[in-house]
Amino acid sequence: IRRIYPFSRGNSDGDKSMKELLGGKGANLCEMARCGLNVPPGFTITTEVCQEFYRCGEKLPEELLTEVRNAVGGVEAEMGLKFGDPKAPLLFSVRSGAAVSMPGMMDTVLNLGLNDEVVVGFAAKYGDRFAYDCYRRLLQMFGDVVLGIPHEHFESKLTALKAAKGIQYDVQMDAEDLRTLVAQYKEVYAADGKVLPQDPWEQMFMGIYAVFKSWNIPRAIKYREINKITGLKGTAVNVQTMVYGNMSDTSGTGVCFTRNPANGERELFGEFLINAQGEDVVAGIRTPMPIKLMADIMPPIYAELVANTTMLEKHMKDMQDVEFTVQEGRLYMLQCRNGKRTGTAALRIALELEGEGLITKDEAVLMVEPRHLDQLLHPQFEDEKKYVEDVITRGLAASPGAAVGRLVFSAEDAEEWRSRGERVILCRHETSPEDVGGMHVSEGILTCRGGMTSHAAVVARGWGKPCVCGCEALHIDLKQKVLTFELHGSEVHMREGDWISLNGTTGEVIKGQQALKEAQVTGGDLGKLMAWVDKARRLRVLTNADTPEDALVARTNGAQGIGLCRTEHMFFSTHERIAAVRRMIAEEELESDHKMEALEELKGYQRQDFEGIFTAMDGLPVTIRLLDPPLHEFLPQEGAAMDALCKQLAEELHASVERVEARLNGLREVNPMMGLRGCRLGIVHPEITDMQAQAIFEAATAVVKAGGHVHPHIMVPLVATTDEMDHQVAIIHAAAKKVADATGIKVRYKVGTMIEVPRAALQAGLLAARADFFSFGTNDLTQMTFGISRDDAQAKFLSHYTRQGILQTDPFDTLDVIGVGEMVKIAVERGRATKPDLELGICGEHGGDPNSIAFFNKVGLDYVSCSPLRVPIARLAAAQAAI
Ligand code: ADP
Ligand code: MG
Ligand code: MG
């Protein structure tokens with residue numbers, strides 16, 4: 001294998017396409033060198049060597065040592081200097097750099113190759129002050145990064161020395177001070193039982209070793225975890241000739257962006273520090289100056305920098321983030337990469353680059369990431385830096401956006417406070433369907449338990465409401481209505497009515513009323529991009545919506561219909577409705593008046609809702625799922641509330657309390673997720689299917705009468721066998737006929753099935769003969785294919801799985817393409833073999849996940865369906881998948 005890729009001005013075998021092998025930094029150093037930019041010569045050790053390093057038990061491979069020596073020889077020849085030679089010293093930096101940029105996460109060591117002898121020669125050649133400045137920097141960085149001596153031990157010496165001299169800045173230290181500092185730093189080493197190796201080669205190899213090791217330091221692992229960076233080989237190592245921004249006042253170091261990363265404006269944006277090295281700019285040692293001032297101080301260098309960065313942006317076809325150093329009036333390029341940016345900037349930059357003819361419309365669409373769009377669509381905190389001191393804890397970032405409100409601990413309190421015009425944040429151990437009213441009126445939702453697909457998370461995302469879940473560090477006392485946690489080492493109590501803020505994008509829970517700003521979307525710009533998006537995509541994007549309001553929001557966001565209307569949510573929306581549901585459940589006798597009345601009442605509610613939804617979605621398909629959840633979800637938890645309910649129902653139904661109790665308790669199941677739910681409900685209680693189907697057709701007929709255009713698609717959930725499907729389809733057709741006969745209006749409709757148990761996927765060929773469409777319910781399909789509970793798995797073991805790499809991602813977040821995806825593929829193939837024009841869509845949580853959408857595009861689905869606020873993101877992801 002080839003381990004090393006050298007680069008020098010005008011020369012390199014590596015290029016920008018080789019990020020996986022050379023890391024982003026290495027690949028772009030090679031690319032800049034190829035372009036003829038003034039890059040200090042050096043070489044990149046590949047990411048495969050990092051794998052080799054870990055394979056052979058965290059040791060540098062024997063062959064590498066020789067290869068590094070040879071590569072250094074090449075640089076020596078070019079520079080006319082020698083590594084470790086006091087008479088003509090050559091120094092190197094050793095820099096980390098993985099395929100995906102992880103800024104500041106891993107380690108870099110500068111000024112390698114100095115020792116007690118070399119520094120003397122170095123001083124003779126370039127001056128005392130400069131030489132000892134480099135030496136103290138080496139001692140400090142090598143001590144910190146390679147030997148693990150705490151950074152503060154060096155800092156305190158430096159601070160003390162400056163204080164004693166009465167100076168403020170590092171640059172004010174003279175040669176003598178720096179010599180003293182070197183001596184003191186050596187004492188720091190000694191106190192820690194360490195020494196700086198005097199052999200430059202030993203320094204070099206220990207430096208390379210440290211960079212490889214830094215791939216797996218906790219903060220790097222954490223960063224990859226948070227940013228979902230998986231499947232990389234490791235870090236590359238860049239060994240590069242040092243250039244010296246700390247040589248004199250005609251030297252310096254800087255970083256800049258070719259466009260403003262906050263707002264996207266086309267301008268050179270960044271900072272520069274005279275007489276400084278490396279991290280000084282970032283470390284905030286002195287206040288750097290705005291990059292534009294360089295134009296006055298060193299005009300030719302500034303002109304060259306502008307020329308270089310302009311060239312790079314054109315060449316890379318994206319906004320560049322550039323690191324450079326000036327040594328005695330000469331400009332050196334040290335790094336370039338596509339710059340990170342806010343959503344606002346991403347949009348503006350993409351549009352402007354297209355306008356400038358640098359990229360195509362498709363490329364502009366690819367440049368705006370789904371998370372950028374997400375940012376653009378949610379209200380945001382005015383300044384996320386302002387509140388750091390007030391961050392209480394960090395939970396799962398379950399639903400993005402910023403929310404500010406007053407703390408409440410129950411759904412009733414939420415509604416009560418809200419009715420007084422207060423904004424509230426609902427804080428619960430976890431939420432249940434009974435809380436939806438309170439959840440709906442809240443600005444945001446906070447829970448102590450539950451994962452990304454917990455009730456709170458799913459419902460919140462559905463509404464686009466910020467939600468932070470699983471905050472185990474919070475303790476709720478429901479009785480006293482107090483939230484307790486630790487902050488800066490002491491216990492803090494927050495009470496009902498106290499202000500609290502949630503950042504659903506980061507998972508931060510913040511004390512107090514933090515300032516918000518409206519999502520700053522200049523409609524015109526976003527509209528322009530979205531038009532390109534819609535042109536590029538093949539997948540249609542539908543929405544999951546249960547109310548006319550949601551349907552309208554989705555439509556505004558570009559939804560092309562409803563892919564999932566969950567009828568049970570309608571049952572929860574008012575007290576009267578849930579009461580009717582409970583009467584329907586509790587009454588056993590099918591023919592009893594109570595049952596008929598309850599069903600009739602529910603039918604009325606549903607008809608009314610469907611009319612609203614059909615009207616809102618006029619002309620577009622509306623896919624309605626028949627009742628799905630286990631019936632006991634409509635009941636309160638065991639205890640006082642349950643007892644009261646039984647008593648009340650007994651009165652209403654003229655039955656004994658014992659009988660009602662027995663009936664309701666009989667609904668409880670050990671394993672409800674695999675119990676009496678989905679179409680099984682409709683088979684055991686055909687009257688429910690009949691009632692729902694009639695409500696749908698009556699509503700459709702009413703809207704048609706009013707001049708509307710309706711396309712009802714009725715969907716049977718959790719089907720496993722063809723007979724189940726036949727059973728339900730017969731009821732639906734009968735209901736359609738009944739309504740048509742009664743009204744004289746025939747509505748065209750479709751009947752389809754959800755594919756959410758593995759058996760249905762396998763039987764797709766037969767099911768397709770009975771279905772106009774399939775809708776993949778990937779939440780259940782994932783649960784049933786893996787055999788893991790979506791309600792418990794996250795808290796109990798999934799996080800361990802992802803941390804250990806046993807699973808790369810949470811399969812409830814991003815579709816498990818190779819396993820669950822195989823189920824989808826099988827169903828697509830078998831279904832289409834029976835019925836070539838079978839309509840195929842997906843309505844699980846994955847319908848809003850960009851990576852999953854890419855897969856759905858590939859397997860040839862017709863549409864994805866996601867929550868109303870996710871619709872623009874799904875449109876973008878669908879376009880990016882198609883390009
Ligand atoms: P990071 O990935 O954290 O940005 P880098 O490897 O880019 O780390 O190094 C940080 C800084 O160190 C660079 O921005 C640059 O200023 C300085 N540096 C690195 N290598 C050299 C070099 N060969 N000569 C001069 N400065 C260097
Ligand atoms: Mg850098
Ligand atoms: Mg399901």
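Because the structure is a prediction, the values reported are computed rather than measured. Indexing begins at 1, ligand by ligand and atom by atom, following the structure's order. Hydrogens, waters and symmetry mates play no part in the numbers below; they use all other heavy atoms, side chains included. Counting begins at 1 with the first residue of the sequence.
- With values rounded to the nearest 0.5 angstrom, Leu37 atom CG is found 9.0 Å from His315 atom NE2.
- Distances between N or O atoms of Lys25 and those of ligand 1 include at least one value under 3.5 Å.
- Any N or O atom pair closer than 3.5 Å counts here, and Thr108 shares at least one such pair with ligand 1.
- Residues meeting the salt bridge (Lys or Arg N to Asp or Glu O under 4.0 Å) test with Lys59, sequence neighbours left out: none.
- Annotation: Ser96 places no N or O atom under 3.5 Å from an N or O atom of ligand 1; distance criterion only.
- Classified by interplanar angle (parallel below 30°, tilted 30° to 60°, perpendicular above 60°), the ring pair Tyr387/Phe381 is perpendicular.
- Polar contact with ligand 1: absent for Arg337 (N/O pair, distance under 3.5 Å).
- For the Mg ion (ligand 2), protein N, O or S atoms under 2.8 Å: 3 in total.
- A donor-acceptor pair under 3.5 Å is formed between the side chain of Ser12 and the backbone N or O of Pro6.
- Under a 3.5 Å cut-off, the side chain of Arg69 and the backbone N or O of Leu64 do not form any donor-acceptor pair.
- When non-hydrogen atoms are compared, ligand 1 lies under 4.0 Å from the side chain of Glu323 (C-beta onward) but not from its backbone.
- Note on ring orientation: taking the six-membered ring where Trp is involved, the planes of Phe130 and Phe122 are tilted (angle from 30° to 60°).
- Geometric assessment of Arg137 against the ring of Tyr135 yields a negative cation-pi assignment under the 6.0 Å and 45° thresholds.
- A cation-pi contact, defined as under 6.0 Å to the ring centre and within 45° of the axis, links Arg179 to Tyr132.
- Considering backbone and side-chain N/O atoms, Val243 comes within less than 3.5 Å of an N/O atom of ligand 1.
- With a 4.0 Å heavy-atom cut-off, ligand 1 is reached by no atom of Asn238.
- One N or O on the side chain of Thr47 and one on the backbone of Glu20 form a donor-acceptor pair closer than 3.5 Å.
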